[in-house]
2 protein chains.
Amino acid sequence: MRSYGQYCSIARALDVVGDRWTLLIVRELLLRGACRFTDLKAGLPGIATNLLSARLKELDEAGLITREDAPPPVATVLYALTEDGRALEPAVRALGRWGLRRMGEERPDDAFRAHWLAYAPAWFTTAADPEAPAAVIQLVASGEEAVIEIDGGEVRTRVGRAASPDLVLDGPPRAVLGLLTGVIDLARATELGLSGQGDMDVLRRLRPVEGDVPGAPSATGF
Amino acid sequence: MRSYGQYCSIARALDVVGDRWTLLIVRELLLRGACRFTDLKAGLPGIATNLLSARLKELDEAGLITREDAPPPVATVLYALTEDGRALEPAVRALGRWGLRRMGEERPDDAFRAHWLAYAPAWFTTAADPEAPAAVIQLVASGEEAVIEIDGGEVRTRVGRAASPDLVLDGPPRAVLGLLTGVIDLARATELGLSGQGDMDVLRRLRPVEGDVPGAPSATGF
DNA sequence: CCGTATCCGTGGAGATACTG
DNA sequence: CAGTATCTCCACGGATACGG
């Protein structure tokens with residue numbers, strides 16, 4: 001990317017990560033940890049291989065990622081964020097929090113991945129009642145599965161299935177994520193096709209983070 | 001900008017503000033408040049007028065800014081952020097905080113503006129001792145002037161000159177900003193050409209924000 | 001003076017085919 | 001599986017000319 005030529009930390013940040021796809025590659029590496037070219041490609045539907053290749057080279061040169069040969073059994077290159085790269089997390093998070101207000105807009109052809117279902121509650125909610133017993137929520141949306149584990153004051157998430165969740169939420173991504181992030185209420189989520197099985201009260205254990213997340217459903221189409 | 005086509009709040013945010021120049025335009029509007037086309041152009045050295053025009057149109061359509069006719073004496077269009085646009089501040093801030101680690105890299109031809117000198121201490125420092133009396137620091141860097149007013153727990157800044165500052169810092173932008181944001185120490189700042197007149201102790205009233213700002217000077221060239 | 005519109009050269013983006 | 005090579009095309013940057 002051509003430099004902005006401005007002595008301003010925002011411009012300098014964008015000199016490095018302002019290119020198309022770059023921050024989404026960082027997102028993938030933040031969510032997945034060290035992974036292969038093919039994993040990245042799978043998590044970045046729509047990217048061309050030459051572009052992914054070029055961006056990884058740029059990120060490497062900028063010192064944001066490392067390319068290391070995996071140990072023998074794997075025998076491939078693994079990409080991972082450096083400390084400098086991981087330090088982008090607050091910026092990526094803040095962008096994602098702002099982006100929540102655009103999640104109501106319906107675009108049925110959008111790609112969707114299980115780990116995106118997972119990171120949203122991890123990044124944009126907190127545990128409401130640290131004293132309460134641990135709880136597990138199974139999420140299913142567009143066939144993608146993720147698990148929320150609320151334990152003490154912590155909200156952890158992962159891709160996949162839980163053995164015996166307290167609650168199973170199933171529905172279109174808009175309904176599941178909108179409800180979890182507090183952008184819509186249960187009634188609206190149900191209208192959008194959400195179905196819940198189990199103890200719906202555990203939902204109260206998740207509190208959407210404050211900040212720029214709109215408390216009231218704005219006119220975004222939810 | 002072409003949509004990423006991903007149902008992910010980060011991707012959706014970048015669908016709106018991921019274009020080249022867009023976040024820098026938001027930066028200008030955050031720092032200046034409502035302003036004219038020409039003011040924006042002045043704060044965005046390097047942008048072509050057609051691009052600025054195009055971006056403003058896109059931002060308007062996306063609902064991030066308003067274009068309102070200024071009252072008679074001015075008789076021009078004023079651009080201002082909507083609530084949705086202002087909500088980007090945390091994201092812009094987080095990017096700027098990350099970008100601090102690239103401010104050590106010397107690039108003498110970079111443009112520099114007084115309001116960039118002003119926002120850095122406002123966004124990236126806090127008052128260390130809320131109980132202490134008010135203090136005023138005059139900044140001068142590359143001919144650009146800004147004022148820091150520390151009052152109670154608050155750090156306010158503005159462009160321009162102060163009547164009787166407790167301290168005047170003068171030097172190249174790298175030295176002044178590096179010192180204020182805590183990326184370099186006084187000795188290094190002096191090496192880089194910083195000169196201070198007045199009570200250097202008021203510098204202790206400013207504490208760099210924690211987070212991803214590198215506490216220790218990393219190998220970035222400072 | 002403020003802002004928009006047009007033209008053109010260059011480079012980055014996207015799609016796809018292909019190779020170690 | 002992990003990229004590289006190639007091709008087309010649009011977006012960007014820069015200059016300039018134009019309308020209010």
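Protein chains get the first letters and strands the later ones, always in sequence-line order, with residue 1 at the start of each.
Remark: the A/Arg12 side chain and the A/Ser3 side chain contain no N/O donor-acceptor pair separated by less than 3.5 Å.
In this structure, the side chains of B/Arg174 and B/Glu106 come closer than 4.5 Å at one or more pairs of heavy atoms. Using a 4.5 Å heavy-atom threshold, the side chains of B/Val176 and B/Leu194 count as touching.
The separation between B/Ile47 atom CD1 and D/dA15 atom P is 14 Å, rounded to whole Å.
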Taking only nitrogen or oxygen atoms into account, show me every contact under 3.5 Å that the protein makes with nucleotides 8-12 of chain D, one pair per line with its distance.
{"unit_1": "D/dC12", "atom_1": "OP1", "unit_2": "B/Asp19", "atom_2": "OD1", "d": "3.3"}
{"unit_1": "D/dC12", "atom_1": "OP1", "unit_2": "B/Arg55", "atom_2": "NH2", "d": "2.7"}
{"unit_1": "D/dC12", "atom_1": "OP2", "unit_2": "B/Arg55", "atom_2": "NH2", "d": "3.4"}

N/O-N/O pairs, protein side and nucleotides 2-5 of chain C side, under 3.5 Å:
{"unit_1": "C/dC2", "atom_1": "OP1", "unit_2": "B/Arg36", "atom_2": "NH1", "d": "2.9"}
{"unit_1": "C/dC2", "atom_1": "O3'", "unit_2": "B/Thr76", "atom_2": "OG1", "d": "3.2"}
{"unit_1": "C/dG3", "atom_1": "OP1", "unit_2": "B/Thr76", "atom_2": "OG1", "d": "2.9"}
{"unit_1": "C/dG3", "atom_1": "OP1", "unit_2": "B/Val77", "atom_2": "O", "d": "3.4"}
{"unit_1": "C/dG3", "atom_1": "OP2", "unit_2": "B/Phe37", "atom_2": "N", "d": "2.9"}
{"unit_1": "C/dG3", "atom_1": "OP2", "unit_2": "B/Thr38", "atom_2": "N", "d": "3.1"}
{"unit_1": "C/dG3", "atom_1": "OP2", "unit_2": "B/Thr38", "atom_2": "OG1", "d": "3.4"}
{"unit_1": "C/dT4", "atom_1": "OP1", "unit_2": "B/Arg67", "atom_2": "NH2", "d": "2.9"}
{"unit_1": "C/dT4", "atom_1": "OP2", "unit_2": "B/Ser53", "atom_2": "OG", "d": "3.0"}

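Salt bridge A/Arg102/B/Asp15: absent, no basic N to carboxylate O contact under 4.0 Å.
Note that CD of B/Glu105 is 10.0 Å distant from OH of A/Tyr7, once rounded to the nearest 0.5 Å.
When every heavy atom of A/Gly63 is checked against every heavy atom of A/Thr82, the shortest pair comes out as O-OG1, 2.7 Å.
Geometrically, B/Arg93 does not engage B/Tyr119 in a cation-pi contact, judged by NZ or CZ lying under 6.0 Å from the ring centre and within 45° of the ring axis.
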Handout entry: Derivation and outcome, side-chain contact (heavy atoms from CB on, under 4.5 Å), residues A/Glu145 and A/Arg158
Key = CA-CA 9 Å; A/Glu145 300 177 333; A/Arg158 58 183 171 83; over 6 Å; no
